[in-house]
Amino acid sequence: MHIKVKRAWEMPERLATPESIFLNRRALLGGSLGMAAASLAGGSALAAVPGEGTGAVKTADLYPAKQNPAYTLDRAVTPERYSADYNNFYEYGTNKTVTPGSNALKVQPWTIKIDGLVEKPFEIGFEDLVRKMALEERLYRHRCVEAWSMAVPWTGFPLSALVALAKPTGDAKYIQMQTFLDKAMAPGQRAFFYPWPYTEGLTLAEANNELAFMVTGVYGKPLLNQFGAPLRLAVPWKYGFKSVKSINRITFTAERPKTFWEGLQASEYGFWANVNPAVPHPRWSQASERVLGTDERVPTLIYNGYGAQVADLYKGLEKERLFA
């Protein structure tokens, strides 16, 4: 008899999220700042053709990738027709309907700069990088800091493989990732009150964890613009804002980088940002989450259910603000 032992992060199929909603985020700057950002982007929206930008990546032959059975969920994934039309991408607006604007994102050609504390800094084209890696599909839970959740079929490769390619020196303790900076291509970046470019970071130990994943595709095809094409991060045990989009620079450093939301409001959005239902956001509870599409509210799990894989990373760091 085959007995399946359910892992903490697996969910029953009844909680499946219709794909009607993906990255929701931040009420932090709402109101007048949101209107200001919207006005900056006003009039520039392109026709909404999901996933089609001003240059498609030349890696379509690599998809769909084989699914890694170690990373599955006991539920259906969020259908694409919903998730692809509900995204956070502040470079293209502060609401969730960023698909039209994100069509302006030119992803071909795309170069990633690797620098800082590495043996030899270099630049590499996105296509060259992807073809060096063995792509796989993983089903991951995604928990937003705004207390909603969904499930996504990401395609990509372990971040640890990129770390190995970069060859950091012994002095490197952190990895910093940045989004592109191009105000002509991304009108939202004209908003002076944001600390552009979008910056995120991990410890090198976190970057080498098996769950840290560099995403190049979704739903069995190259990553759509609104999801952060052509290259984004997925760290499923952390709140969603840690998963930086449209990465074009990766820097290894001895000092902890200041991240985008930490720079805006450190008391609400810290560096670590690990999911913990027992630690509330200053303005709302994190004890439960709304499953997108069903609106069912379910208990949130510590580390988003991935504690077995990541809890040991934080031993000895109890004095740090690990969960906000």
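Computed from a predicted model, the values in this text were never measured in an experiment.
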Which heavy-atom pair separates [X] from [Y] by the least distance, and what is that distance?
| X | Y | value |
| --- | --- | --- |
| Thr259 | Gly201 | CG2-N, 3.8 Å |
| Thr155 | Ala65 | CG2-CB, 3.7 Å |
| Glu137 | Pro153 | OE2-CB, 3.8 Å |

Side-chain donor or acceptor of Asn68 paired with backbone N/O of Ala70 under 3.5 Å: yes
Would you say the side-chain atoms of Asn304 pair up with the backbone N or O of Val275, donor to acceptor, closer than 3.5 Å? no
Distance-only donor-acceptor check, side chains [X] and [Y], under 3.5 Å:
| X | Y | answer |
| --- | --- | --- |
| Asn248 | Trp110 | no |
| Tyr71 | Glu210 | yes |
| Glu320 | Trp272 | yes |
| Thr97 | Asn95 | yes |
| Glu206 | Tyr314 | yes |
| Glu127 | Thr59 | no |
| Tyr198 | Ser246 | no |
| Lys96 | Asn87 | no |

First locate atom [atom1] of [X], then atom [atom2] of [Y], and finally report the distance between them rounded to the nearest 0.5 Å.
| X | Y | atom1 | atom2 | result |
| --- | --- | --- | --- | --- |
| Thr72 | Leu139 | OG1 | CG | 6.5 Å |
| Phe213 | Arg138 | CZ | CZ | 5.0 Å |
| Leu129 | Met214 | CG | CE | 7.5 Å |
| Thr216 | Tyr63 | OG1 | OH | 2.5 Å |
| Met177 | Thr251 | CE | OG1 | 10.0 Å |

Ring-plane angle category for Tyr92 and Phe89, please: parallel below 30°, perpendicular beyond 60°, tilted otherwise. perpendicular
Should the pair Trp196 and Phe260 be assigned to parallel (<30°), tilted (30 to 60°) or perpendicular (>60°) ring geometry? tilted
So for atom CD, which belongs to Glu318, do other residues, nucleotides or ligands contribute more than 12 heavy atoms lying within a distance under 6.0 Å? yes
Among Thr111, Asp115, Thr179, Thr199, whose side-chain hydrogen bond (donor to acceptor under 3.5 Å, both in side chains) with Arg249 holds? Asp115
NZ or CZ of Lys242 within 45° of Phe271 ring axis and under 6.0 Å: yes
Does the side-chain contact (heavy atoms from CB on, under 4.5 Å) test come out yes or no for Val118 and Lys167, once each step is laid out? CA-CA 6 Å; Val118 295; Lys167 298 180 181 178; 5.7 Å; no
Can the ring centroids of Tyr303 and Phe323 be said to lie less than 6.0 angstrom from one another? yes
